[in-house]
Amino acid sequence: MALKADGQAHAARTMWNCLHAWWQMMPKEKRTLANADAAIRQARQEIDFLAVLPAQAAQAVLKTYVQAWKNCWDGRADAPNFKARFRTALTVDVPQGRDLNIVRVHRRWGMANRPKIGRVRFRWTKNLPVGKHADKDNRITGARLVKDPLGWHLAFRVQTLAPVPEPHQGPQVGIDVGITVPLALSDGQTYEHGEWLTEQERAKLLSLEQRAARRKKHRKPGEHTSRRLHHTYDQIAGLRAKAKRRALDWQHKTTTRIANTYGVVAVEALQITNMVKSARGTVEEPGTNVAQKSGLNRSISGEAWGRTVTLLTYKLARQGGTLAKVPAPGTSRRCSACGFTTPGSRETQALFVCRNPDCGWSGNADHNAARNVLHLYRTGHALIPAAGRAVARRARRVKPATAR
């Protein structure tokens, strides 16, 4: 099954690359869905390797490619490009749900049909609308087979009729995100986590990275990567994927708990892209503390604050709650008791002592910042997304020459 899935995924990637080359070669007036569909049919007849890909999956590649160009023209994404063999996630689509023939074997496992692969077994992790539980409003419309360093996974597309939730009656809360304390709430509660990998796994990861560096060092320029080095890279990717999966599991559980408890959640509108910029500088003006800034950037990226906000956004909406973003500057330096910002009030990472002679309040710095976030929301400083969108769109750009 795995070898057949690999073959179909590589065929889908090749189909994308052929379609991209055809799109760039054709004049603008001939870039139509009908002509692209005819080109795909001809390629499937002339190239035996592409025949392993089901016809419906090939049509899904075409729809995805056209949608990629539409996203580019609307300014939501960059222009589509060639998909490299070792830098592209392997995926295969099943656009029609009726082709899956899903059957639940028992409590933990189910079976589904994959065109030109056969019956595959998958772990039943969530209730699916199949059999007597399916109707015109609740049904499976398709699936996607995705491969990551830990193996193949089957993701279903489900159409469901969700009821309009009642307004959440929970309290309001402000959240301050950080590295030492990932999530600090204005009511004094914190959500923390340990290392994503155990001590043995971290030692193994370090050993594998050192081994890969040695083998790469002794490889001659232009020489193909050996199978041993590829195997080492696969082991490294597997450990990193395991850490990412554990981090995502913690984020899902934590955001679900917060969405069920609070009706309004206020967070900072952080510009994470600017926060993780390198401090290397230029040859004329080299940067300072480059290694320290690199470590900070890795820690910020590892916490995935943007993903936490994304999970909170849709989970609060399902529960009838609201997520608001407030301006970030000054929340860590302002005293939440008196409202003044005095230099040197944050003595350490965890201690905040107000330097205002008339105040003198002291407490946890992260909780103080979370209280300031909530104060900004209550005083009407919540940011309103452009055009009522939950995610800010990129600025509209000029269409690339290849798309005009």
query: With a cut-off of 6.0 Å (strictly less than), are more than 12 heavy atoms of other residues, nucleotides or ligands near NE2 of His231?
result: no

Donor-acceptor side-chain pairing of Arg215 and Ser226 below 3.5 angstrom: no

- request: Verify the distance criterion only: is there a donor paired with an acceptor across the side chains of Asn113 and Arg119 at less than 3.5 Å?
  value: no

query: Could you go step by step and tell me if Phe82 and Trp16 meet the ring-ring contact (aromatic ring centres under 6.0 Å, His included) rule?
result: CA-CA 8 Å; Phe82 280 91; Trp16 173 286; 9.6 Å; no

message: Check for me whether Arg123 meets the cation-pi criterion with Trp109, that is, NZ or CZ under 6.0 Å from the six-membered ring centre and within 45 degrees of the ring axis.
response: yes

field: For the student: nearest non-hydrogen atoms of Val181 and Ala184, plus distance
entry: CG1-CB, 4.1 Å

query: Side chain of Asn297, backbone of Ile300: donor and acceptor closer than 3.5 Å?
result: no

field: Side-chain (Ser207) to main-chain (Ala203) donor-acceptor, under 3.5 angstrom
entry: no

query: Hey, does the side chain of Gln319 reach the backbone of Thr256 with a donor-acceptor pair shorter than 3.5 angstrom?
result: no

- request: List the atom of His367, the atom of Gln189, and the distance in Å for their closest heavy-atom pair.
  value: NE2-O, 4.0 Å

- prompt: Roughly how far, to the nearest 0.5 Å, is CZ of Arg76 from CD of Gln67?
  reply: 6.5 Å

query: Going through the distances and angles, do Val309 and Lys325 end up as a side-chain contact (heavy atoms from CB on, under 4.5 Å)?
result: CA-CA 10 Å; Val309 174; Lys325 293 184 179 181; 3.8 Å; yes

task: Give a yes or no on whether Leu206 atom CG has more than 12 heavy-atom contacts from other residues, nucleotides or ligands under 6.0 Å away.
output: yes

task: Could you point out which residue of Leu128, Val130, Thr141 forms a side chain to side chain contact (heavy atoms under 4.5 Å, CB included) with Phe156?
output: Leu128

- prompt: Side chains of Ser336 and Asn368: donor-acceptor distance under 3.5 Å anywhere?
  reply: yes

query: With distance as the sole test, does Gln8 use its side chain to make a donor-acceptor pair with the main-chain N or O of Pro115 at under 3.5 Å?
result: yes

- prompt: Checking Arg246 against Trp196: charged group under 6.0 Å from the ring centre and within 45 degrees of the axis?
  reply: no

- prompt: At what distance, to the nearest 0.5 angstrom, does CZ of Arg31 lie from CD of Gln24?
  reply: 8.0 Å

task: Could you tell me whether the side chain of Gln172 reaches within less than 4.5 Å of the side chain of Tyr377, counting heavy atoms only?
output: yes

query: Counting only heavy atoms not in Arg44, do more than 12 sit closer than 6.0 Å to its CZ atom?
result: yes

message: With a sphere of 6.0 Å drawn around CD of Glu223, does it hold more than 12 non-hydrogen atoms of other residues, nucleotides or ligands?
response: yes

- prompt: Counting only heavy atoms not in Tyr314, do more than 12 sit closer than 6.0 Å to its OH atom?
  reply: yes

- prompt: Side chains of His10 and Arg85: does their closest heavy-atom pair fall under 4.5 Å?
  reply: yes

message: On a heavy-atom basis, which atom in Val52 and which in Gly7 lie closest, and how many Å separate them?
response: CG2-O, 3.9 Å

- prompt: Donor-acceptor pair, His168 side chain versus Asn260 backbone, under 3.5 Å?
  reply: yes

- request: Please check if atom NE2 in His106 has more than 12 non-hydrogen atoms from other residues, nucleotides or ligands closer than 6.0 Å.
  value: yes

message: Assess, by modelled atom type and distance only, whether the side chains of Asp37 and Gln59 contain a donor and an acceptor separated by less than 3.5 Å.
response: yes

message: Looking at Glu303 and Arg298, is any side-chain nitrogen of the basic one under 4.0 Å from a carboxylate oxygen of the acidic one?
response: no

- prompt: Relative to each other, are the rings of Trp69 and Trp23 parallel, tilted or perpendicular (30° and 60° limits)?
  reply: parallel

query: If you round to the nearest 0.5 Å, how far is OG1 of Thr190 from CG of Leu185?
result: 8.5 Å

query: Quick one: does Trp305's side chain get under 4.5 Å of Val267's, heavy atoms only?
result: no

message: So, taking the atom named CG in Leu311 and the one named NE2 in His252, what distance separates them when rounded to the nearest 0.5 Å?
response: 5.0 Å

- request: Before accepting this row, confirm whether a basic side-chain N of the pair Arg245/Asp249 lies closer than 4.0 Å to the acidic partner's carboxylate O.
  value: no

- request: Taking Gln169 for its side chain and Pro167 for its backbone only, find out whether a donor-acceptor pair lies under 3.5 Å.
  value: yes

query: Do Arg144 and Val94 have side-chain heavy atoms sitting under 4.5 Å apart?
result: no

query: Quick one: does Glu46's side chain have a donor or acceptor within less than 3.5 Å of a partner on Arg41's backbone?
result: no

- prompt: So, Arg346 and Asp366, do they make that salt bridge, N to O below 4.0 Å?
  reply: yes

query: More than 12 foreign heavy atoms under 6.0 Å from CZ of Arg98: is that the case here?
result: no

field: Full working for side-chain contact (heavy atoms from CB on, under 4.5 Å) between Tyr262 and Leu316
entry: CA-CA 8 Å; Tyr262 302 98; Leu316 282 166; 5.6 Å; no

- request: Could you tell me whether Glu201 and Arg240 make a salt bridge, using a distance below 4.0 angstrom between a side-chain N and a carboxylate O?
  value: no

- request: May I ask you to test the Arg107-Trp124 pair for a side-chain heavy-atom distance under 4.5 Å?
  value: no

task: Answer yes or no: is there a side-chain heavy-atom contact under 4.5 Å between Lys217 and Arg214?
output: no

field: Test log, rule side-chain contact (heavy atoms from CB on, under 4.5 Å), inputs Thr255 and Thr308
entry: CA-CA 7 Å; Thr255 53; Thr308 300; 4.0 Å; yes

query: Would you say the side-chain atoms of Ser299 pair up with the backbone N or O of Gly295, donor to acceptor, closer than 3.5 Å?
result: yes

query: Taking the six-membered ring of Trp361 as reference, does the NZ or CZ atom of Arg371 fall below 6.0 Å from its centre and within a 45° cone about the axis?
result: yes

- request: Please check if any side-chain donor atom of His133 sits under 3.5 Å from a side-chain acceptor atom of Asn138, or the reverse.
  value: no

- request: Kindly check if the number of other-residue, nucleotide or ligand heavy atoms within 6.0 Å of NZ (Lys116) is above 12?
  value: yes

statement: In this structure, CD of Gln42 is separated from CD1 of Ile47 (nearest 0.5 Å) by 9.5 Å

query: Is there a donor-acceptor pair under 3.5 Å between the side chain of Arg227 and the backbone N or O of His230?
result: no

query: If we ignore angles and hydrogens, is there a donor and acceptor under 3.5 Å between the side chains of Gln235 and Tyr233?
result: no

Nearest-0.5 Å distance that lies between atom CG in Leu197 and atom NZ in Lys242: 8.0 Å

- prompt: Does the side chain of Thr32 pick up a donor-acceptor pair with the side chain of Asn35 at under 3.5 Å?
  reply: yes

- prompt: salt bridge (Lys or Arg N to Asp or Glu O under 4.0 Å): which pairs involve residues 154-179, sequence neighbours left out?
  reply: Asp93-Arg157

Check: Thr91/Lys147 side-chain N/O donor and acceptor closer than 3.5 Å: no

message: For a quick test of reading the model, state the closest non-hydrogen atom pair linking Val373 to Gly174 and the distance between them.
response: CG1-CA, 4.3 Å

message: On a heavy-atom basis, which atom in Gly306 and which in Ile272 lie closest, and how many Å separate them?
response: N-CD1, 3.5 Å

task: Check the pair Thr331 / Glu268 against side-chain contact (heavy atoms from CB on, under 4.5 Å), numbers first and verdict last.
output: CA-CA 9 Å; Thr331 55; Glu268 297 173 294; 2.4 Å; yes

- line: Closest non-hydrogen atoms of Leu154 and Ala112, given as atom of the first, atom of the second and distance, are CD2-CB, 4.1 Å

